[in-house]
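Here the structure comes first, spelled out in structure tokens, and everything after it is commentary.
In what follows, chains carry the letters A, B, and so on, assigned in the order in which the sequence lines appear, proteins first and then strands, with residues in each chain numbered from 1. Values below: every heavy atom of this structure, side chains too, minus hydrogens, waters and symmetry copies.
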There are 2 protein chains.
Amino acid sequence: MREPLPADMFDELCPSPLNPIRFGDKWAALIIRCLEDGPRRFSELRVPLRRVTPKVLTGSLRSLERGGLVRRTVLAGATPHVEYELTPLGRSMLVPLAAACAWTEEHWDELIDARESYDDASGPRPAHAYAPGPAAGRPGG
Amino acid sequence: MREPLPADMFDELCPSPLNPIRFGDKWAALIIRCLEDGPRRFSELRVPLRRVTPKVLTGSLRSLERGGLVRRTVLAGATPHVEYELTPLGRSMLVPLAAACAWTEEHWDELIDARESYDDASGPRPAHAYAPGPAAGRPGG
DNA sequence: CAGAATCCGTGGGGATACTG
DNA sequence: CAGTATCCCCACGGATTCTG
């Protein structure tokens, strides 16, 4: 709740297009995990999410707020101070999110192998190699 | 298993951008539900998924195949005959999919209300009305 | 600190028409 | 029947720069 978020909270291949299950937009699931232990400031979020530009992070947070999953609070004071926290609705989403993460973790190797063998088989092909990646992002792990 | 898929299997607002949980691309979750009871032919899938153009349906099926969730089988014969079915991996995905659907169904009203009040509050605003819809689709119901 | 403004590339996804 | 082939649009998301 009070510990700062670790900079290496997520590894570089996260989110991955291999994961078919996605919560919100590309970064939403990661944001939700960052808020799991209590409210966080914008700049706190930027630490584990340093690969996300401020514009994109803001957009993602606005989208979560719009969906009722996150509440944005402007604290009074001389300098800007904004906190983001999960709403009860957002918190309830941790359940299916955990289920999705568990599934992904359990089947990660199969997902890798499946894509590899598909691409091996259809890559060398001359025509109709048609291989559109899924529009998916890896939620958590 | 043998009953044809009903044309009204999904309602028109499905998938909906209100749902933050998404499996694969826009139509993947619907396809998976269509395959739940056994293998289906391309034209069988087109009945409940009649709003999806053949090109897009093919793309979605290829993506599922690439991810190892669906197997495509060309049956021998004079006229083209292709079947799609869930792999064990695809079938295992029914579990988190069901969890997601349950969550969505349970919180549907809250999702609607949240967006409505957000848009009511920020819509009339002059500047920074910044309201980017989430890149999400409604999985099942 | 917490963003906003601007520019821009990529590709998902729809419409339409055609084919082995 | 089971797709392909084109064309097109625009929303997502990244880079960069600027500000109350």
Under a 4.0 Å heavy-atom cutoff, the residues of residues 74-83 of chain A touching DNA chain C are Pro80(A), His81(A), Val82(A)
In whole angstroms, the gap separating C1' of dA15(D) from CG of Leu57(A) amounts to 15 Å
Arg46(B) CZ to dA2(D) C1', in whole Å, measures 9 Å
Quick note, Phe42(B) side chain, CB onward, closest among dG3(D), dA2(C), dG13(D) is dG3(D)
Exercise for the section: Give a yes/no answer on whether the side chain of Thr53(A) brings an N or O atom under 4.0 Å of OP1 or OP2 in dA15(D). Expected result: no
For Pro6(B) and Val47(B), the nearest pair of non-hydrogen atoms, with its separation, is C-CG1, 4.5 Å
Rounded to whole Å, the CG-P distance (Leu61(B) to dT4(D)) equals 11 Å
Atom CZ of Arg22(A) and atom P of dG12(C) are separated, to the nearest Å, by 11 Å
Taken to the nearest 0.5 Å, the spacing of Leu94(B) CG from Arg33(B) CZ works out to 8.0 Å
*asked:* Using only modelled atom types and a 3.5 angstrom limit, is any donor from either the side chain of Lys55(A) or the base of dG3(C) paired with an acceptor on the other?
replied: no
Exactly one candidate in Glu65(B), Glu83(B), Glu85(B) meets side-chain contact (heavy atoms from CB on, under 4.5 Å) with Arg72(B); the answer is Glu65(B)
Taken to the nearest whole Å, NZ/Lys26(B) to P/dA11(D) is 12 Å
(request) Kindly say if Arg62(B) contacts the phosphate of dT4(D), meaning a side-chain N or O under 4.0 Å from OP1 or OP2. (result) yes
Closest of dA2(C), dG14(C), dA2(D) to the Arg72(B) side chain is dA2(D)
* Does any N or O in the side chain of Thr104(B) come within less than 3.5 Å of the main-chain N or O of Ala100(B), such that one atom is a donor and the other an acceptor? -> yes
Separation of dG12(C) atom P from Arg51(B) atom CZ, nearest Å, is 20 Å
Leu49(B) CG to dA2(D) P, in whole Å, measures 14 Å
Between Arg41(A) and Pro80(A), the two heavy atoms sitting closest are NH2-O, 3.7 Å
Shortest non-hydrogen pair, Trp27(B) vs Ser60(B), comes out as CB-OG, 4.0 Å
If each end axis of the helix from dC1(C)-dG20(D) to dG20(C)-dC1(D) is fitted on five C1' pair positions, the angle between them, to 10 degrees, is 60°
Hydrophobic clusters here meaning ILVMFWY residues chained together by side-chain heavy-atom distances under 4.5 Å, can you tell me if Met9(B) and Leu49(B) are in one?
yes
From CZ of Arg41(A) across to P of dG3(C) the rounded distance in Å is 10 Å
With a 4.0 Å cutoff (strictly under), does any side-chain N or O of Thr58(B) reach OP1 or OP2 of dG3(D)? no
Looking only at heavy atoms, the pair that brings Gly24(B) and Ala28(B) closest together is CA-CB, 4.0 Å
CG (Leu111(A)) and CG (Leu18(A)) are apart, to the nearest 0.5 Å, by 6.5 Å
